[in-house]
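All of these numbers come straight from a predicted model, not from anything done at the bench.
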Amino acid sequence: MSGPAAGTAHAATTTDVVCLGESMVTFLPSQPGRLADVPSFGRGIGGAESNVACALAAAGHRATWVGRVGADGFGDHLVETIGGYGVDTSAVRRDPDRPTGIYFRTATDRGAGAHEVAYYRAGSAASAMSPANVPYEELFAGRILHLSGITAALSADCLALLRELTAPRPGRPLVSFDVNHRPRLWRDGDAGVLLELARRCDLVFVGEDEAEEAWGIVGAEAIRAALPEPSVVVVKRGSAGATVFASGRRPGPRSSNAGGAGNGPGSRSTEGCGGENALGSRPAYAGKADSAAGGAEDAPGPRFTEAAQAARGDTVTVVPALHVDVVAAVGAGDAFAAGFLSATLRGLPVRDRVRHGHLMAAAVLTVPGDLTEPPARDHADRLVALDDGAWGRLRLGPGWTAADRAHEEVRTP
């Protein structure tokens, strides 16, 4: 398959979400300190897109990871480990001439000045992904195609591939894009291409900090103004929570019978990210921020004018973050995206999508690695349904997901 011109729009969906990107073997330090001082490392896996796929599969969705690894032991480990989470890895390609990427990192917070990451991914199998060698049938087989800006930074061929996948075409699944700006990967500093790619997608995740660093854009409203095309823009604001701009201009992911009558190429189901009714039950933002403690009108936070909102037809939803006793601040962004996409597939309101994202992130933040078992769906749904005051009082620490599962087992005969 050498491009998307083989009639993939006619294929029925065979999975919920397809995630494309590089996964690497991660070496995690046995103790804090500089890389030069750490005596040993434990082996794990890392990769934004495969992390999302693993979290979605663990949450009960059909998830597929498409990538490229070397024909080596590290490639075997990645495919077997990701597959062990229930992810379909049948579309992963093996490269006999290029190695699987690996990296080492310190135990400190990624955002801290002392954090170190040593990548060994130049010339990796994944960096050779291009429009000529990816399985387009598998990429377009899902209701959602999830991409990341990391892939665009790997090589010129990878950038060309993302431009192909984000190009408008009949029958394209809903395209989700996590900006995932990694300054170390953009040697020439030209991260502006991430803005170009984001504008071609349907659902965009972007952090306030990375928008400022990559594009010089400050504030949620300015980010939305720079990204007018996507129907949903999720601005992650760290400990302040997340702000979602959602319009009814575009429909959501294809229904699972996309090839059937009434759902032919180019049609979509309104379940998911499109349409005001599908997007959520909250009213349009009226110039006041929601409060973490119950929606008080004078709560601090960004303020949006009704005129600017009406010009785009946006509904704006602000959802406070949770209080979390953090063990390791890695993998949280991927988990948040997975939680939001999971709730999107279920057709939940925007506020609930964001809350599910926060809960998935909290599960990862309270463990040492990038991946963990998410909270049981019924438990997550109960927490998501809390009123604003109770949500604001939640505090989650290590073991909170396992504790709930144990409680459920005791109550279940």
**Request:** Only counting residues at least two apart or in another chain, list the ones meeting side chain to side chain contact (heavy atoms under 4.5 Å, CB included) with Glu196.
**Result:** Arg163, Val193, Arg200
**Prompt:** Could you go step by step and tell me if Arg94 and Asp72 meet the salt bridge (Lys or Arg N to Asp or Glu O under 4.0 Å) rule?
**Reply:** CA-CA 9 Å; Arg94 309 301 291 265; Asp72 51 32; 5.0 Å; no
**Message:** Do Leu185 and Arg121 have side chains that approach each other closer than 4.5 Å (heavy atoms only, starting at C-beta)?
**Reply:** yes
**Message:** Within this structure, what is the NE2-CG distance for the pair His358 and Leu383, rounded to the nearest 0.5 Å?
**Reply:** 13.0 Å
**Item:** side chain to side chain contact (heavy atoms under 4.5 Å, CB included) involving Ser23 - partner list, sequence neighbours excluded
**Value:** Ser50, Trp65, Leu78, Ile82
**Request:** Under the side-chain contact (heavy atoms from CB on, under 4.5 Å) rule, what do Leu56 and Asp16 come out as? Steps first, then yes or no, please.
**Result:** CA-CA 9 Å; Leu56 285 167; Asp16 292 323; over 6 Å; no
**Item:** salt bridge (charged side-chain N to carboxylate O under 4.0 Å, His left out) involving Asp352 - partner list, sequence neighbours excluded
**Value:** none
**Message:** Whether the side chain of Arg353 engages the backbone of Leu341 through a donor-acceptor N/O pair (distance < 3.5 Å, no angle test) should be reported.
**Reply:** no
**Prompt:** Would you call Cys19 and His146 a side-chain contact if the rule is heavy atoms closer than 4.5 Å?
**Reply:** yes
**Request:** Report yes if the side chains of Leu227 and Arg199 come closer than 4.5 Å at any heavy-atom pair, otherwise no.
**Result:** yes
**Asked** Atom CD1 of Ile150 and atom SG of Cys158: how far apart are they, to the nearest 0.5 Å?
**Response** 12.0 Å
**Short N-O contact, Asp202 and Arg172, less than 4.0 angstrom** = yes
**Prompt:** Considering residues at least two apart in sequence or located in another chain, which fulfil the side chain to side chain contact (heavy atoms under 4.5 Å, CB included) criterion with Arg184?
**Reply:** Val117
**Message:** Pairing donors with acceptors under 3.5 angstrom, does anything connect the side chains of His61 and Ser342?
**Reply:** yes
**Message:** Within the 4.5 Å heavy-atom criterion, are Leu359 and Thr401 side-chain neighbours or not?
**Reply:** no
**Prompt:** So which of Tyr120, Tyr103, Phe104, Tyr119 actually passes ring pair (Phe, Tyr, Trp, His ring centres under 6.0 Å) with Phe27?
**Reply:** Phe104
**Asked** Do you know which two heavy atoms are closest between Pro230 and Ala198, and how far apart they sit?
**Response** CG-O, 3.4 Å
**Request:** Check step by step if side-chain contact (heavy atoms from CB on, under 4.5 Å) holds for Phe177 and Val206.
**Result:** CA-CA 9 Å; Phe177 183 74; Val206 59; over 6 Å; no
**Message:** Is it the case that the ring center of Trp400 lies less than 6.0 angstrom away from the ring center of His379?
**Reply:** yes
**Complete:** For Ala362 and Leu396 the tightest heavy-atom approach is CB-CD1, 3.9 Å
**Complete:** Between Cys54 and Leu371 the two heavy atoms that sit nearest each other are CB-CD2, 3.9 Å
**Asked** After noting the C-alpha distance and the side-chain angles of Val316 and Val244, does the key distance pass the side-chain contact (heavy atoms from CB on, under 4.5 Å) rule?
**Response** CA-CA 6 Å; Val316 184; Val244 182; over 6 Å; no
**Message:** Just so I know, are the side chains of Trp391 and Leu322 near enough to count as touching, which here means a heavy-atom distance under 4.5 Å?
**Reply:** yes
**Item:** Distance in Å, Leu159 CG paired with Leu154 CG, rounded so as to fall on 0.5 Å steps
**Value:** 10.0 Å
**Distance-only side-chain donor-acceptor flag, Glu22 / Ser124, under 3.5 Å** = yes
**Prompt:** What is the distance from atom CZ of Arg237 to atom CD1 of Ile223, rounded to the nearest 0.5 Å?
**Reply:** 9.5 Å
**Asked** To the nearest 0.5 Å, how far apart are CZ in Arg355 and CG in Leu386?
**Response** 6.5 Å
**Message:** So does Ile217 get a backbone contact from the side chain of Glu212, meaning a donor-acceptor N/O pair under 3.5 Å?
**Reply:** no
**Message:** Checking Asp157 against Ser155: is there a side-chain donor and acceptor pair closer than 3.5 Å?
**Reply:** no
**Donor on one side chain, acceptor on other, Thr64 and Thr15, under 3.5 Å** = yes
**Message:** Looking at His77, is its backbone amide N or carbonyl O close enough to the side chain of Glu80 to form a donor-acceptor pair, meaning the two atoms are under 3.5 Å apart?
**Reply:** no
**Item:** Side-chain (Ser127) to main-chain (Ala122) donor-acceptor, under 3.5 angstrom
**Value:** no
**Request:** Please determine if Asp381 and Arg346 form a salt bridge, counting it only when a charged side-chain N lies under 4.0 Å from a carboxylate O.
**Result:** yes
**Fill in**
Sequence neighbours excluded, the answer for side chain to side chain contact (heavy atoms under 4.5 Å, CB included) partners of Ala385 is none
**Request:** Please report the C-alpha distance between Arg169 and Glu164 in whole Å, then the side-chain angles of each, then the deciding distance to 0.1 Å, and finally whether the salt bridge (Lys or Arg N to Asp or Glu O under 4.0 Å) criterion is met.
**Result:** CA-CA 10 Å; Arg169 60 172 52 88; Glu164 284 273 10; 3.7 Å; yes
**Message:** Restricting to non-hydrogen atoms, name the atom on Ser148 and the atom on Asn180 that form the minimum distance, rounded to 0.1 Å.
**Reply:** OG-ND2, 3.2 Å
**Asked** Are any non-hydrogen side-chain atoms of Met129 and Thr151 less than 4.5 angstrom apart?
**Response** yes
**Item:** Side-chain heavy-atom pair Val17, Arg143 within 4.5 angstrom cut-off
**Value:** no
**Message:** Let me confirm one number: the CE-CZ distance from Met24 to Phe74, rounded to the nearest 0.5 Å.
**Reply:** 12.5 Å
**Message:** Looking at Arg62 and Asp88, is there a salt bridge between them, counting it only when a charged N and a carboxylate O are closer than 4.0 Å?
**Reply:** no
**Item:** Steps toward side-chain contact (heavy atoms from CB on, under 4.5 Å) verdict (Leu147, Leu162)
**Value:** CA-CA 8 Å; Leu147 307 171; Leu162 285 203; 4.1 Å; yes
**Request:** State, with a plain yes or no, whether a side-chain heavy atom of Leu345 is found less than 4.5 Å away from one of Ile144.
**Result:** yes
Output a table of donor-acceptor pairs, distance under 3.5 Å, between side-chain atoms of residues 331-340 and any protein atom two or more places apart or on a different chain; print 'none' if there are none.
from: Asp334; atom 1: OD2; to: Asn51; atom 2: ND2; distance (Å): 3.0

**Prompt:** Are the side chain of Glu116 and the backbone of Leu35 linked by a donor-acceptor contact shorter than 3.5 Å?
**Reply:** yes
**Contact summary for Gly70 and Thr100, nearest pair of heavy atoms** = N-OG1, 2.9 Å
**Taking every non-hydrogen atom, the tightest pair across Ser40 and Val38** = O-CG1, 3.2 Å
**Item:** CA sep, side-chain torsions, deciding dist, call: Asp325, Arg395, salt bridge (Lys or Arg N to Asp or Glu O under 4.0 Å)
**Value:** CA-CA 7 Å; Asp325 296 328; Arg395 188 178 192 101; 2.9 Å; yes
